[in-house]
2 protein chains.
Amino acid sequence: MTIQPLIDHFESYLPFDENEKELFQSRVTHRSLKRRHFILQEGFPCKHYTFVVEGCFRMFAVDTKGNEHNIKFAIENDWIADIGSFHSDKPSKLFIEAIEPAVILQIEQQDLYFLYTHIPKLNQILRVIVEDKYVELQNRVLQNISSTALERYLTFQEQYPTLSRRLPNTQIASYLGITPEFLSKLRKDIASS
Amino acid sequence: MTIQPLIDHFESYLPFDENEKELFQSRVTHRSLKRRHFILQEGFPCKHYTFVVEGCFRMFAVDTKGNEHNIKFAIENDWIADIGSFHSDKPSKLFIEAIEPAVILQIEQQDLYFLYTHIPKLNQILRVIVEDKYVELQNRVLQNISSTALERYLTFQEQYPTLSRRLPNTQIASYLGITPEFLSKLRKDIASS
DNA sequence: CGTATTTCTTAAGATAGTTCATTGGTCGCA
DNA sequence: TGCGACCAATGAACTATCTTAAGAAATACG
């Protein structure tokens with residue numbers, strides 16, 4: 001019901017006055033979702049920036065053979081959206097699915113643009129947030145081009161211990177770019193060493 | 001001598017008045033570099049956001065075995081920096097090297113922050129730029145986890161035909177996360193098909 | 001509680017990619 | 001002209017990872 005988690009998130013960067021908070025209140029939508037619910041499907045434009053209050057999401061693509069590839073997970077206090085589709089209004093090639101029952105706060109495109117206009121410092125906050133995400137993603141690219149599957153798995157466990165415990169291994173395998181069977185083998189190798 | 005290419009770049013997003021352009025003039029540094037010159041080395045903080053006017057750069061990491069892994073290339077009208085190190089002032093783990101003789105425009109940390117303060121809409125421009133870069137990087141991650149080396153190579157050629165012609169294959173292999181030998185084999189396979 | 005569904009494990013054979021050593025071509029430069 | 005550095009190509013042996021198929025274990029949900 002309340003958008004307080006989002007306010008808190010923004011205020012961890014910069015403070016807002018009551019006026020500004022009311023603007024948020026009027027432009028942010030609160031939703032609860034069941035497991036397996038999709039908030040984005042291939043072929044449709046991504047209409048929202050979604051802030052996760054509770055639960056866990058995955059963003060994935062489906063290749064020509066029908067295999068799913070997890071591009072990103074998002075848990076509490078993280079954002080998830082197909083940014084490219086969101087800004088261009090073009091059909092997305094991605095899916096976003098709730099892996100657990102979830103509570104989210106969503107901002108639609110025109111509302112986000114309204115907020116950027118009336119609360120300019122929001123640009124600064126989002127710039128900083130996206131820069132941080134960019135660095136994270138760049139580290140993942142480096143891992144992908146420089147490490148073996150085993151190293152990638154160990155790094156994932158270290159870097160995202162929460163996710164590592166919450167997610168089925170099959171989802172983790174898809175994120176790492178390997179088959180579940182091979183991940184199972186790696187886990188066996190680790191256990192017996 | 002002139003910082004016009006950077007002004008042009010920014011003005012492709014939003015217009016600036018003369019006052020603002022003079023602020024840029026006072027905070028942006030112009031440099032020419034020879035091939036093989038490094039503008040960032042592991043162990044040192046990344047002091048600049050670098051805008052490439054002419055030439056080509058690669059950003060890479062060196063792993064424990066001494067192998068280099070190309071994380072990113074940058075050519076004309078692109079930015080290059082270790083963003084994480086730049087904002088945190090922590091020693092970088094990366095190198096940035098001119099692959100060709102280059103002309104660049106650089107902004108130091110305190111100057112960039114000064115510009116953000118005095119030209120707030122710069123936050124908006126950079127937010128948009130970084131969002132675009134984020135989308136690009138995300139597509140690369142998807143490629144890495146979902147495609148074979150051959151597919152990645154073909155996509156690279158399609159997506160960056162200029163780079164593909166300008167770079168030695170060994171640099172491309174490093175970017176794709178494969179050995180030069182294997183890339184050579186792939187090229188042979190392509191040629192004979 | 002019981003059943004359907006999802007997830008995990010195992011293993012054998014196939015394919016993708018690496019490693020190492022070698023060779024030949026090209027280019028800048030003394 | 002020739003030397004040295006760099007780059008591309010090749011083949012053989014090796015290692016990493018995938019595919020397929022099956023059964024076992026865990027979990028969702030009526």
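Just so we're on the same page: letters track the sequence lines, and every chain starts at 1.
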| request: Pick out which of A:Thr2, A:Val103, A:Leu6 makes a side chain to side chain contact (heavy atoms under 4.5 Å, CB included) with A:Val53. | output: A:Val103

| Do the ring centers of A:Phe24 and A:Phe10 come within less than 6.0 Å of each other? | yes

Are [X] and [N] close enough that a side-chain N or O sits under 4.0 Å from OP1 or OP2?
| X | N | value |
| --- | --- | --- |
| B:Arg187 | D:dA9 | yes |
| A:Asn169 | C:dC8 | yes |
| A:Arg35 | D:dA28 | no |

Are there more than 12 heavy atoms of other residues, nucleotides or ligands under 6.0 Å from atom [atom1] of [X]?
| X | atom1 | answer |
| --- | --- | --- |
| B:Glu158 | CD | no |
| B:Phe38 | CZ | yes |
| B:Glu54 | CD | no |
| B:Lys47 | NZ | no |

Integer-rounded Å distance: [N] [atom2] and [X] [atom1]:
| X | N | atom1 | atom2 | result |
| --- | --- | --- | --- | --- |
| A:Ile190 | C:dT9 | CD1 | P | 11 Å |
| B:Asp63 | C:dT18 | CG | C1' | 14 Å |
| B:Leu167 | D:dC6 | CG | P | 17 Å |
| B:Asn144 | C:dG17 | CG | P | 12 Å |
| B:Asp189 | C:dG17 | CG | P | 11 Å |
| A:Arg36 | D:dC29 | CZ | C1' | 12 Å |

| message | For a quick test of reading the model, state the closest non-hydrogen atom pair linking A:Pro91 to A:Ser85 and the distance between them. | response | C-OG, 4.2 Å

| task | Verify, without hydrogens or angle tests, whether B:Gln25 (side chain) and B:Ile3 (backbone) share a donor-acceptor contact under 3.5 angstrom. | result | no

| Where the side chain of B:Ser174 meets the backbone of B:Asn70, is there a donor-acceptor pair that is under 3.5 Å apart? |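 Side chain of B:Ser174 to backbone of B:Asn70: a pair is present.
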
| task | Using a 4.0 Å cut-off on protein heavy atoms (strictly under), produce a 5'-to-3' string for nucleotides 10-25 of chain D with B for base contact, S for backbone-only sugar-phosphate contact, and - for none. | result | BS-----BSBBB----

| message | Strictly under 4.0 angstrom, non-hydrogen atoms only: write out the protein contact profile of nucleotides 23-30 of chain C, one letter per nucleotide from the 5' end, B, S or -. | response | --------

